[in-house]
Every structure is written in structure tokens, then in C-alpha cells.
J.: 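Following this message is one structure expressed as C-alpha cells.
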Amino acid sequence: MPGTNPLLVLIVREAALRSTLVARLAMHGATVWTGRAFDEKRPASVRAPAVLITDEESIEHHPGGAAALSGDAQWRKVVVLTRGGEPASEDARLFYLARGGAAPALTRLLEDWAAQDA
């Protein structure tokens, strides 16, 4: 998706973390949409796959977990916020970030992806 900012879909259970991420990402020019479920309809104006940002609690009961989400065509990339460390992923579309530093780490990650797409 060269030259475009992807829609960021936040499905994060903790309200304080969700609010912090929305504010920080919006300040960096991101288009952010929050949802409660992975199968919710996105705005009709969004046709390209979105970047999913979620947390471990949200994916606990999702069949197949994070791997199933990263394999879903509606997600360009999947970022999972963890309470512990940042486990390595062999899936090029699946990323793990520690929730403690999630806001600055996400902005860096988005900048890296934009540079790769340029």
C-alpha cells in the first residue's frame, strides 16, 4: 500500500491503554478505529486491509489465536500487545510489543512500515 496510511483497528480491552494509543497514534496522523470484536464491520470507505492492534486478553478466546488473525486477509499486519516480553514471530505479518512501551513502539513501527512502502 505505497503512499497510503493504513487504517489502524484497535481492539484492546483495557480502556486506559486504548485511549492512550488512540491519542498517541492520532497525534502522529494515523487513522484509528476502535472495535470490540474481530469480525465487526469497518467503515465502508475502507477497502484495503487494515492493521490490527490488539492485546493478549482480546485474542484469548479467538479460535486459532494470533496466528489465525494474521492469516485473515482483512488484516495487513497484526500487532499483539503483551504483558510480558516480546516473543519472536516467524510470521512476517505478526508482531508482538510489550504494552508498557506500546505507544512509542507503535509509532516507530508505523514509521518503519511507511519507509518500507515508500
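Values in this document were obtained by computation on a predicted structure and should not be read as measured data.
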J.: Using only atom types and a distance under 3.5 Å, with no angle test, would you say the side chain of Ser19 pairs donor to acceptor with the backbone of Ala16?
T.: no
J.: Whether the side chain of Asp55 engages the backbone of Arg13 through a donor-acceptor N/O pair (distance < 3.5 Å, no angle test) should be reported.
T.: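 Looks like yes, one N/O pair under 3.5 Å.
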J.: Please name the residue in the list Leu94, Leu69, Leu52 that meets the side chain to side chain contact (heavy atoms under 4.5 Å, CB included) test with Val80.
T.: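 Testing each of Leu94, Leu69, Leu52 against Val80, the sole residue satisfying side chain to side chain contact (heavy atoms under 4.5 Å, CB included) is Leu94.
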J.: Looking only at heavy atoms, which two atoms of Gly84 and Ala98 are closest? And how far apart?
T.: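 Result for this residue pair: O-CB, 3.8 Å.
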J.: At what distance, to the nearest 0.5 angstrom, does CH2 of Trp33 lie from CD1 of Ile11?
T.: 6.5 Å
J.: Heavy-atom distance under 4.5 Å between the side chains of Val78 and Ile59, does that happen here?
T.: no
J.: Find out whether Asp72 and Phe38 are in side-chain contact, i.e. whether some heavy atom of one side chain is under 4.5 Å from a heavy atom of the other.
T.: no
J.: Begin from the C-alpha positions of Leu21 and Leu81 and carry the test side chain to side chain contact (heavy atoms under 4.5 Å, CB included) through to its verdict.
T.: CA-CA 11 Å; Leu21 292 175; Leu81 307 176; 3.6 Å; yes
J.: Measuring from Leu110:CG to Arg108:CZ, what's the distance to the nearest 0.5 Å?
T.: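 If I round to the nearest 0.5 Å, the distance is 11.0 Å.
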J.: Leu8 versus Leu106: any side-chain heavy-atom pair under 4.5 Å?
T.: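 They are not in side-chain contact.
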J.: Please enumerate all residues that pass ring-ring contact (aromatic ring centres under 6.0 Å, His included) together with His28, with sequence neighbours excluded.
T.: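 Expected list: none.
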J.: For Glu57, is there any backbone N or O sitting under 3.5 Å from a side-chain donor or acceptor partner on Arg83?
T.: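 No, because the side chain of Arg83 does not come within donor-acceptor range (under 3.5 Å) of the backbone of Glu57.
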J.: Do Arg99 and Glu56 have side chains that get closer than 4.5 Å, going by heavy atoms?
T.: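 Of all side-chain heavy-atom pairs linking Glu56 with Arg99, none is under 4.5 Å.
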